[in-house]
Every structure is written in structure tokens, then in C-alpha cells.
Amino acid sequence: MDYQNTLKYLYESVPMFQQVGKEAYKPGLETTQKLDEYFGHPHQQFKTIHIAGTNGKGSCSHTIAAVLQSAGYRVGLFTSPHLVDFRERIRVNGEMAPEEYVVDFVEKHRPFFEPLQPSFFELTTAMAFRYFADRKVDVAVIEVGMGGRLDCTNIIRPDLCVITNIGLDHTQYLGGTLEKIAEEKAGIIKEGVPVVIGRARGAVKKVFSAKAEEMNAPITYTKQTAAGNDVAIYSYPELQKERNSFYEMTRQGLEMFKMLQDKHRKNEKSLEKLLSTFNLDNALRAMDRILDKRKSAIKLSNNHFQDGIFLELTGLYQVENGFTILTALDELVKMGYHISPKNYFEGFSNVCELTGLMGRWQKVYSYPDIICDTGHNVDGIKYICKQLEAIRANDGKKIHIVFGMVNDKDISGVLKILPKDATYYFTKASVKRALPENELQELARKAGLKGNTYPTVVEAVQAAKKDCPPKDFIFVGGSSFIVADLLANRDTLDLY
């Protein structure tokens with residue numbers, strides 16, 4: 001078989017949640033453990049970091065991987081779902097697994113796994129772990145597929161667990177309350193393994209604290225609003241001004257350093273260390289990397305990075321993710337991982353290039369701006385709505401929204417919070433789980449939203465581009481699969 005026929009075999013022979021939903025959901029670790037034994041327990045050959053959560057786990061996984069890559073580690077990265085190419089799920093130092101590896105893996109091991117009837121995710125997880133061992137990675141960042149306790153990634157014993165946040169998603173599988181979902185995600189907490197929590201309050205926080213105590217696991221809650229924490233969001237022109245300001249600060253600092261150096265030669269090393277604590281040079285390089293891509297940026301400041309660290313991921317939800325990532329990296333440093341401030345700056349400012357991350361407030365067109373985002377539940381969409389409102393209010397742009405969802409989400413809950421004054425283009429993704437565009441339009445009408453229907457994402461985006469003046473704004477989202485169809489048709493739509 002060639003690569004395309006191998007994928008066809010995988011998609012048709014093993015049930016794939018991405019395509020069909022609940023029919024492919026297979027909780028429990030029995031099949032995973034049989035696969036793991038057959039492949040020689042490959043996950044025991046490298047260090048791991050395990051990341052769960054309702055939202056943000058993909059961004060956190062990619063950014064942590066980017067920082068570790070910048071620090072010189074050989075890093076495996078396992079995430080889901082993919083957007084364009086299956087191999088996005090399995091990367092080493094940002095490079096996707098070769099097509100030949102996927103083909104050879106399936107052909108060689110079919111006689112063993114076919115009788116087991118694994119799910120698509122069980123087989124993909126086994127492939128990823130074997131690939132990381134074969135490529136001799138130092139550490140692999142492993143994103144949970146769904147939940148945690150019964151997820152097939154949960155056979156690893158990581159150096160660190162991270163749980164980003166808890167929201168209502170996949171309730172038919174994980175439970176209908178935040179506490180029940182937290183219990184499932186807390187299932188990744190291992191005996192004696194440190195765990196970082198991104199956001200948790202009230203009953204959810206009690207669930208995590210109780211589980212950590214039961215497992216003798218040191219637990220750290222990210223201080224999202226601690227003293228010393230600060231956030232600034234820069235448009236591309238604003239970032240240019242900030243860069244010039246930093247350059248002037250750096251120039252003055254170097255002049256002062258040279259003057260002190262001339263006077264106090266014997267203290268030369270301590271003076272170098274003093275200057276380096278300000279991270280001005282690292283910040284300049286980070287801003288230059290982002291500006292070279294003509295992107296906007298978020299600057300996060302805390303006690304370790306008082307002058308700020310720059311993120312190229314600029315969805316508002318990345319503020320919470322960013323502080324969670326900083327907390328997680330601090331824990332890794334305490335364990336002996338060698339990560340310098342320079343590595344933080346490079347990883348945060350260059351995560352997309354280093355790891356291949358797509359679909360997070362990603363700009364794909366200018367005049368008009370077209371932004372896509374994979375947010376797909378109430379917790380994620382509310383941040384997108386805040387950002388769209390800021391664009392409308394601050395920039396005076398009219399908002400056009402290409403929107404579609406899958407049929408097992410809280411559709412009414414999402415539609416209820418979408419902006420009423422936007423123009424909608426209701427569509428459906430090319431997966432079986434996609435909600436038909438006419439049904440979505442009717443539900444949206446009841447929520448006070450108006451727009452026309454289009455049978456494909458391509459047709460919806462083409463209509464939006466035709467209707468939207470260059471000065472206004474198009475958002476494409478509602479589902480990872482809507483974004484996947486957009487990115488898969490970049491050439492047809494003349495996107496970049």
C-alpha cells in the first residue's frame with residue numbers, strides 16, 4: 001500500500017472518533033496495554049510530559065515542546081486531532097513522521113492488531129510511542145485524547161502532569177458536571193508525580209487537591225492573577241513601537257554596562273549576569289521573529305520575566321495558557337531540565353515554526369483579514385467572542401463569521417453567546433459528525449443570528465470574501481473540522 005491507501009485503510013478499518021464520534025469511543029486501557037506489550041513498552045525508553053484539559057492542551061503541548069526544542073532536547077510531540085495531514089499527530093522536533101514509517105508500521109503489524117480491533121486513537125498512540133522510541137527522543141510531550149483516567153495515553157509515567165482547565169465538553173462520555181469531568185481528567189495524576197493545574201476553582205479545585213493528596217503528588221496551581229503578573233496585547237504596528245522602545249533600553253543598558261565594566265574589571269562576570277537578568281536582548285530577538293512574520297503578539301510578565309515574554313499565539317485564551325506553560329516549565333527546571341531564559345523566548349515567539357502548530361487564531365488572508373480558530377465549546381468560544389467584540393468596538397470593523405459545528409456539542413449554548421450583529425455563513429465540515437448547515441441555521445435563527453447556508457466550507461468562505469470589504473473582518477470556526485477544511489483548501493481559496 002502507498003500512504004494514501006494506508007490512510008484509507010486506517011480510516012475505514014478502525015473506528016475514528018474524529019469522523020464518527022461515539023461509535024469510535026473506546027474507554028479503558030486493556031487494548032492499549034496489549035499493544036504496548038507487543039511493541040516492547042516503548043514509552044519507557046524516554047521521558048514524558050502528560051497534558052490534559054478541556055481547552056488549551058494543544059497550545060500548551062506545542063509551546064512546551066517548542067521551548068524544550070530550543071533548549072536542545074530531541075522532543076517527541078503527540079497531539080490530536082490533525083487538521084490537514086494525519087502525520088501532524090506524531091512529530092519529532094517539529095517534523096512529521098515520514099509517510100514511509102506510517103505505511104511500514106501498518107503493513108508490518110496488521111497481523112497482530114487486526115484481531116484486537118483497536119480504535120483509531122489506540123493504534124495511533126501505539127504508533128507514536130514506537131516512533132518516538134525508534135527516533136530516540138529525549139522527552140515526549142503527550143496530549144491526552146479525551147478525559148484522562150481511561151484515555152489510552154494514560155499508560156505513561158511522566159515527569160510532569162499538566163491539567164489546563166475544566167469546562168463542559170464531551171459530557172456524554174466524561175460526565176455532565178464540572179466535578180465529574182475533573183475527576184476523569186485528574187485520572188492522569190500519578191503516584192509521586194508533580195502536577196500543574198492551569199485554572200481551577202471551588203469544587204473542581206477540591207477534586208484535584210484530593211486526588212493529588214491521594215497520590216502523594218506535589219500540586220501547583222498556576223497563579224493567573226498573582227502580584228507581578230501583567231498582560232499586554234500588541235497589534236503589529238504597536239509591536240513595532242514596543243520593539244523600538246526595547247532597542248533603546250538595550251542600547252542604554254549596554255552603554256551603562258560598558259561604563260561599569262571599564263571601572264570595575266574585577267566584577268565583570270557579575271555585571272554580565274546583572275544585565276542578562278533583564279532579558280532585553282532575548283526580548284528583542286523574540287519581537288523580531290514575530291515581526292518578521294507580520295504578526296501581533298501577547299506580552300506576559302511575571303516575577304521571572306519582569307520585562308515580559310512575547311507569545312506569537314494571540315488568541316485571548318493564550319493568556320491563561322501562557323501562565324500555565326510558564327508554571328509547568330518552572331517545575332521542569334526544578335527537576336533538572338536545562339532551560340535558559342533564551343529558550344523560553346525562542347519557544348514562545350516561534351512555536352508555529354518549531355512545532356507546526358496551526359488553527360489557533362491563525363491569520364490566513366489580508367484585506368480583509370481572515371482568522372481561523374479551532375475553539376469549539378462554550379468555554380473556548382467565549383474567549384473568541386470577546387476578541388471579536390474588541391475588533392468590532394476598537395477597530396470599527398464589521399464582523400463576518402463562517403461557522404459550523406459537529407452534532408455532539410452544546411450547539412445551543414455556543415449559539416447563545418455568539419455576536420448578534422455579525423453576518424453569518426452557516427456551513428458544515430466534511431465529516432460524518434457535522435451538523436447539516438440548514439439545521440444549524442434554524443438553531444441560530446432561534447438564537448437571534450442571521451445568515452445564509454452553504455454546503456461546504458469553501459463555498460462559505462468564497463461568499464464571505466465576496467461580501468466583505470477589505471477593511472472588515474472574517475472569522476472561520478466553530479469546529480476543528482471547519483478549520484481543517486479551510487486549511488486543506490488554501491490553494492482553492494487563494495489563502496496563505
Side-chain angles (χ1 to χ4, degrees), residues 3-4 6-8 10-11 16-21 24 51 55-63 65-66 77-92 94-99 102 120-121 124-125 127-128 141-146 169 293 295 312-315 317-318 321 351-365 370-377 380-381 384 402-406 409 427-435 456-458 460-461 474-496:
Y3 178 62
Q4 291 304 322
T6 299
L7 291 185
K8 188 171 185 287
L10 285 174
Y11 296 159
M16 183 182 180
F17 186 87
Q18 183 169 341
Q19 289 285 338
V20 301
I51 302 184
N55 292 302
K57 57 185 183 290
S59 297
C60 289
S61 296
H62 280 81
T63 307
L77 177 61
F78 179 54
T79 59
S80 61
H82 66 269
L83 293 177
V84 180
D85 189 325
F86 164 79
R87 299 173 301 134
E88 295 166 29
R89 296 168 177 258
I90 305 171
R91 298 178 182 268
V92 172
E95 294 293 325
M96 296 187 291
E99 291 182 359
V102 178
F120 179 87
F121 193 70
T124 303
T125 302
M127 185 190 300
V141 181
I142 308 297
E143 180 190 0
V144 168
M146 185 193 303
D169 199 10
K293 293 174 269 194
K295 288 187 172 184
E312 73 163 326
L313 303 178
T314 53
Y317 51 85
Q318 299 296 354
N321 291 339
V351 58
C352 295
E353 185 174 331
L354 287 170
T355 69
L357 179 62
M358 297 186 291
R360 273 57 171 196
W361 201 258
Q362 179 180 351
K363 186 175 180 179
V364 295
Y365 195 78
I370 302 180
I371 297 284
C372 65
D373 194 279
T374 56
H376 56 268
N377 53 43
I381 294 288
I384 290 170
V402 175
F403 200 77
M405 296 189 71
V406 290
K409 298 296 179 184
T427 187
K428 68 175 183 298
S430 56
V431 296
K432 291 179 182 177
R433 293 166 61 200
L435 182 71
T456 67
V457 173
V458 168
V461 173
I474 299 172
F475 174 77
V476 182
S479 164
S480 296
F481 312 117
I482 294 291
V483 173
D485 282 2
L486 174 78
L487 297 177
N489 290 282
R490 280 176 164 181
D491 289 345
T492 302
L493 292 166
D494 192 28
L495 307 177
Y496 55 80

K293: partners by side chain to side chain contact (heavy atoms under 4.5 Å, CB included), with sequence neighbours left out: K295, E312, N350
Would you call the rings of Y11 and F120 parallel, tilted or perpendicular, taking 30° and 60° as the class edges? tilted
Across all chains, not counting sequence neighbours, the side chain to side chain contact (heavy atoms under 4.5 Å, CB included) partners of S479 are V406, F481, I482
With sequence neighbours excluded, what pairs up with E95 under the side chain to side chain contact (heavy atoms under 4.5 Å, CB included) test? none
Got a sec, which residues hit salt bridge (charged side-chain N to carboxylate O under 4.0 Å, His left out) with K428, two or more places apart in sequence or on another chain? E437
Enter the distance from T6:OG1 to E99:CD here, rounded to the nearest 0.5 Å. 9.5 Å
When rounded to the nearest 0.5 angstrom, what distance separates NZ in K363 from CD1 in I370? 10.5 Å
Hey, can you pull the donor-acceptor pairs under 3.5 Å for the side chains in residues 488-496, sequence neighbours left out?
from : atom 1 : to   : atom 2 : distance (Å)
N489 : ND2    : D485 : O      : 2.7
Y496 : OH     : S366 : OG     : 3.0

Test log, rule side-chain contact (heavy atoms from CB on, under 4.5 Å), inputs L357 and S61: CA-CA 10 Å; L357 179 62; S61 296; over 6 Å; no
Atom pair CZ/OG1 of F78 and T124 - distance to nearest 0.5 Å: 6.0 Å
Minimum heavy-atom separation for T427 to A460, with atom names? CB-CB, 3.8 Å
Check the pair Q318, W361 against side-chain contact (heavy atoms from CB on, under 4.5 Å), reporting the backbone distance first and the verdict last. CA-CA 10 Å; Q318 299 296 354; W361 201 258; over 6 Å; no
Identify, with sequence neighbours excluded, every residue that meets side chain to side chain contact (heavy atoms under 4.5 Å, CB included) alongside A65. Q69, V75, L77, V141, T355
For R87 and A97, indicate whether the former's side chain and the latter's backbone hold a donor-acceptor pair under 3.5 Å. yes
Beyond-backbone contact of N55 with Y317, side-chain heavy atoms, under 4.5 angstrom: no
One pair to check against side-chain contact (heavy atoms from CB on, under 4.5 Å): T374 and L83. What are the steps and the verdict? CA-CA 10 Å; T374 56; L83 293 177; 4.3 Å; yes
Quick one: closest heavy-atom pair of C372 and V483, and the distance? SG-CG1, 3.9 Å
I need the minimum non-hydrogen distance between R360 and S59, along with the two atoms involved. CG-OG, 3.4 Å
Straight-line distance of M358 CE to H82 NE2, nearest 0.5 Å: 9.5 Å
What distance separates M96 CE from E88 CD, expressed to the nearest 0.5 Å? 6.5 Å
Are any non-hydrogen side-chain atoms of N321 and T63 less than 4.5 angstrom apart? no
Would a 4.5 Å heavy-atom cut-off, applied to side chains only, mark V476 and V364 as touching? no
For S80 and F121 the tightest heavy-atom approach is OG-CE1, 3.7 Å
With rounding to the nearest 0.5 Å, note down the distance linking CG in L487 to CG in D85. 12.5 Å
